[in-house]
Amino acid sequence: MVYNPQKVNLRGRVFERFISPERIARRVEEMAGELTDRYAGREPLFLSVLKGAYIFTADLCRSFGAETSLAFIKASSYEGMRSTGDVRFAGLEGLDLRDREVLVIEDIVDSGATLHALMPVLRGLGASGVEICTLLLKPTELRHSLPGMMVGFEIPSAFVVGYGLDYDELGRNLAGIYKLAE
Ligand code: IMP
Ligand code: MG
C-alpha cells in the first residue's frame, strides 16, 4: 500500500489530493515512451534536480526503454512556499558533460528561474544538447522562456506537495500530488 490519503495536514496547513497516483503513473509512462523514441541509441544523461525530482526520476527512468546514465544535482531557491529568486546549485563539480546529450529532469517549473539559471551552466560544461522534462508546470507563473520543454501536467498557480515535492521538507512521500486547500 502506498501513502494515499484524501487530505493531509502538514505543519498546520491542509492539502487535498489533486492528481492521483494512477494518473501520474499513466502520464509518466507516456512521457517515458516519447523519450524512448527521441533518445534511443543516443545514450542520454538524465540529470535529476534534487530533491523534488527524485521520485519522478526513479519512475521515468524505469519506463525509459533504452540505455541512459544518471546524475544528480541539487538546486535551492525556495524557502517555505516562496521562491527567494536566488538560485544555487550543488553537485556540479566533477560532472563531465562534454559531448553529452543532457535531459534535465525537474519536479515542477514555477517562475522558470531555476532552469533558466541552470541551462547556460550545463552548456558551459560542454553538453552538446540540453533538453528539459518536468512533471509539473504552472504556466501562469512562468517568467522565462524555456523552449521545447516536455511537461507532464499543467497546473494552476497553487502550492503543491507530494510525489517528491515538499512543504518545508514534509509531504515528499505522498504517492499523489496535493494542492493547498483554499
Ligand atoms: P522556479 O525556479 O520558480 O521555476 O521554481 C522551481 C523550484 O521551486 C522547483 O524545482 C521546486 O523545488 C520549487 N517549487 C515551485 N513551486 C512549488 C510548489 O508548488 N511546491 C513545491 N515546490 C515548488
Ligand atoms: Mg525542483
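Whatever order the structure lists them in is the order used to number ligands and atoms, beginning at 1.
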Counting from 1, what ligand 1 atoms have a heavy atom of Gly112 closer than 4.0 Å?
1 (P), 3 (O), 4 (O)
Side-chain polar contacts of residues 139-155 - donor-acceptor pairs under 3.5 angstrom, sequence neighbours left out - could you list them?
| from | atom 1 | to | atom 2 | distance (Å) |
| --- | --- | --- | --- | --- |
| Glu141 | OE2 | Ser157 | OG | 2.6 |
| Arg143 | NH1 | Thr140 | O | 3.4 |
| Arg143 | NH1 | Glu141 | O | 3.0 |

Which atoms from ligand 1 have a heavy atom of Asp166 less than 4.0 Å away?
21 (C)
Min side-chain heavy-atom separation Leu35-Pro44 under 4.5 Å:
no
Are Tyr3 and Phe15 connected into the same hydrophobic cluster when the rule is that any two of I, L, V, M, F, W, Y join if their side-chain heavy atoms are below 4.5 Å apart?
yes
Has Arg143 got any heavy atom lying under 4.0 angstrom from an atom of ligand 1?
no
Please check whether Val160 reaches ligand 1 - meaning an N/O of the residue sits under 3.5 Å from an N/O of the ligand, judged on distance alone.
yes
For ligand 1, which atoms have a heavy atom of Ala113 less than 4.0 angstrom away?
1 (P), 2 (O), 4 (O)
Quick one: does ligand 1 sit under 4.0 Å from the side chain of Leu165, the backbone, both or neither, non-hydrogen atoms only?
side chain
To which of Thr114, Val109, Leu50 does the heavy atom nearest atom 7 (C) of ligand 1 belong?
Thr114
Take every heavy atom of Gly52, measure it against each atom of ligand 1, and state whether any distance is under 4.0 Å.
no
Kindly indicate whether the side chain of Leu92, heavy atoms from C-beta on, has any atom under 4.5 Å from the side chain of Leu122.
yes
N-O pairing of Glu169 and Lys51 below 4.0 Å:
yes
Shared ILVMFWY cluster between Leu60 and Leu70, side chains joined below 4.5 angstrom?
yes
With heavy atoms of Glu106 as the reference, note each atom of ligand 1 found under 4.0 Å away.
10 (O)
In terms of heavy-atom contacts, does CD of Glu67 have more than 12 from other residues, nucleotides or ligands at under 6.0 Å?
no
